[in-house]
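Heads up, the thing below is written out as C-alpha cells.
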Amino acid sequence: MLDQIHWLAAVTVLGVLEQAYFFLQVIYARRLFGISPPKISGPPEFERIFRAQVNSSEYFPIFLALLWQAGLFFHQGLAAALGLLYLCARYCYFMGYKASSSERLAPIYFSAGVLWILIAVSALGILNFFLSHYVGMNILQRLTA
C-alpha cells in the first residue's frame with residue numbers, strides 16, 4: 001500500500017513545510033515592523049505578507065483533499081506532479097505578494113488552474129471507481145485503449 005501513496009505523502013510534507021515557512025515569514029515581519037499579535041494591520045509591506053500567508057492557509061485544506069483524491073482514485077504520479085506545480089505556484093504567489101500586490105496575480109491564476117485540474121482528475125477517478133465497482137464499466141481503460 002505504501003508504494004501507492006509515497007509520492008502523495010512526500011508532496012504533503014513539502015506542503016506542510018511550505019506553510020511553516022509562510023508562518024515564519026509573518027513572525028519575522030511582525031518583528032521587523034513591530035506589530036504584536038493580535039494586530040493584523042500595519043504598513044502595506046506587513047499586510048501583504050500577512051494576507052499571502054492567510055490566503056495560502058485558506059486554500060491548503062482544499063489542496064490536500066484534492067491531491068489525495070486525485071492520487072488515490074486516478075494516478076499517484078500525476079497528482080504528485082500537479083501538487084508540486086501547485087506548491088511552486090503558491091511559493092511564487094507568496095513572494096510576489098510580498099513584493100507588490102500586483103505581482104501575486106499570475107501565480108494565483110496558475111495555482112487556481114492547477115486546482116481545477118486536480119478537481120477534474122479527482123472527479124474522473126471517483127466516477128470511474130463508481131462505474132467500475134457498481135456497473136462494471138471502466139472508463140479509464142476505455143480512454144487509454
Gly42 to Ile35 - nearest heavy-atom pair and separation: CA-CD1, 3.7 Å
CG on Leu87 to CD on Glu18, rounded to 0.5 Å: 5.0 Å
Ring pair (Phe, Tyr, Trp, His ring centres under 6.0 Å) involving Tyr91 - partner list, sequence neighbours excluded: none
Residues that Gln69 engages under side chain to side chain donor-acceptor pair (under 3.5 Å), provided they are two or more places apart: none
All side-chain contact (heavy atoms from CB on, under 4.5 Å) counterparts of Val54, not counting sequence neighbours: Phe50, Arg51, Glu58
Distance, nearest 0.5 Å, that separates CG of Leu127 from CE of Met137: 7.5 Å
Euclidean distance, Gln76 CD relative to Leu8 CG, rounded to 0.5 Å: 4.5 Å
Separation of Ser56 OG from Tyr97 OH (nearest 0.5 Å): 10.5 Å
Pairs where residues 2-25 contributes a residue and the test ring-ring contact (aromatic ring centres under 6.0 Å, His included) is met, not counting sequence neighbours: Phe22-Phe94
Hydrophobic cluster of Leu17, others only, ordered by chain and residue number, side-chain cut-off 4.5 Å: Val13
For Tyr93, all residues meeting side chain to side chain donor-acceptor pair (under 3.5 Å), sequence neighbours excluded: Asn55
Hydrophobic cluster of Leu24, others only, ordered by chain and residue number, side-chain cut-off 4.5 Å: Ile27, Tyr28
Heavy-atom pair with the smallest gap, counting every atom of Phe63 and Gly83: CE1-CA, 3.6 Å
Atom pair CG/CD1 of Leu131 and Ile139 - distance to nearest 0.5 Å: 5.5 Å
Phe46/Leu32 under side chain to side chain contact (heavy atoms under 4.5 Å, CB included): CA gap, chis, key distance, verdict: CA-CA 9 Å; Phe46 169 77; Leu32 178 67; over 6 Å; no
Minimum-distance pair of heavy atoms, taken over all atoms of Arg30 and Ile40: NH2-CG2, 4.1 Å
Within 6.0 Å of OH in Tyr59, more than 12 heavy atoms from elsewhere: no
Side chain to side chain donor-acceptor pair (under 3.5 Å) partners for Ser102, two or more places apart: Ser100
Distance, nearest 0.5 Å, that separates CZ of Phe74 from CD1 of Ile126: 12.0 Å
Throw together a table of side-chain donor-acceptor distances under 3.5 angstrom for residues 108-119, partners on residues two or more places apart or in other chains.
| unit_1 | atom_1 | unit_2 | atom_2 | d |
| --- | --- | --- | --- | --- |
| Ser111 | OG | Pro107 | O | 3.3 |
| Ser111 | OG | Ile108 | O | 3.0 |

Results of ring pair (Phe, Tyr, Trp, His ring centres under 6.0 Å) for Phe73 - residues two or more places apart only: Phe129
Between Thr12 and Trp68: side-chain donor-acceptor atoms closer than 3.5 Å: yes
Residues in side chain to side chain donor-acceptor pair (under 3.5 Å) contact with Ser57, at least two apart in sequence or another chain: Gln19, Gln53
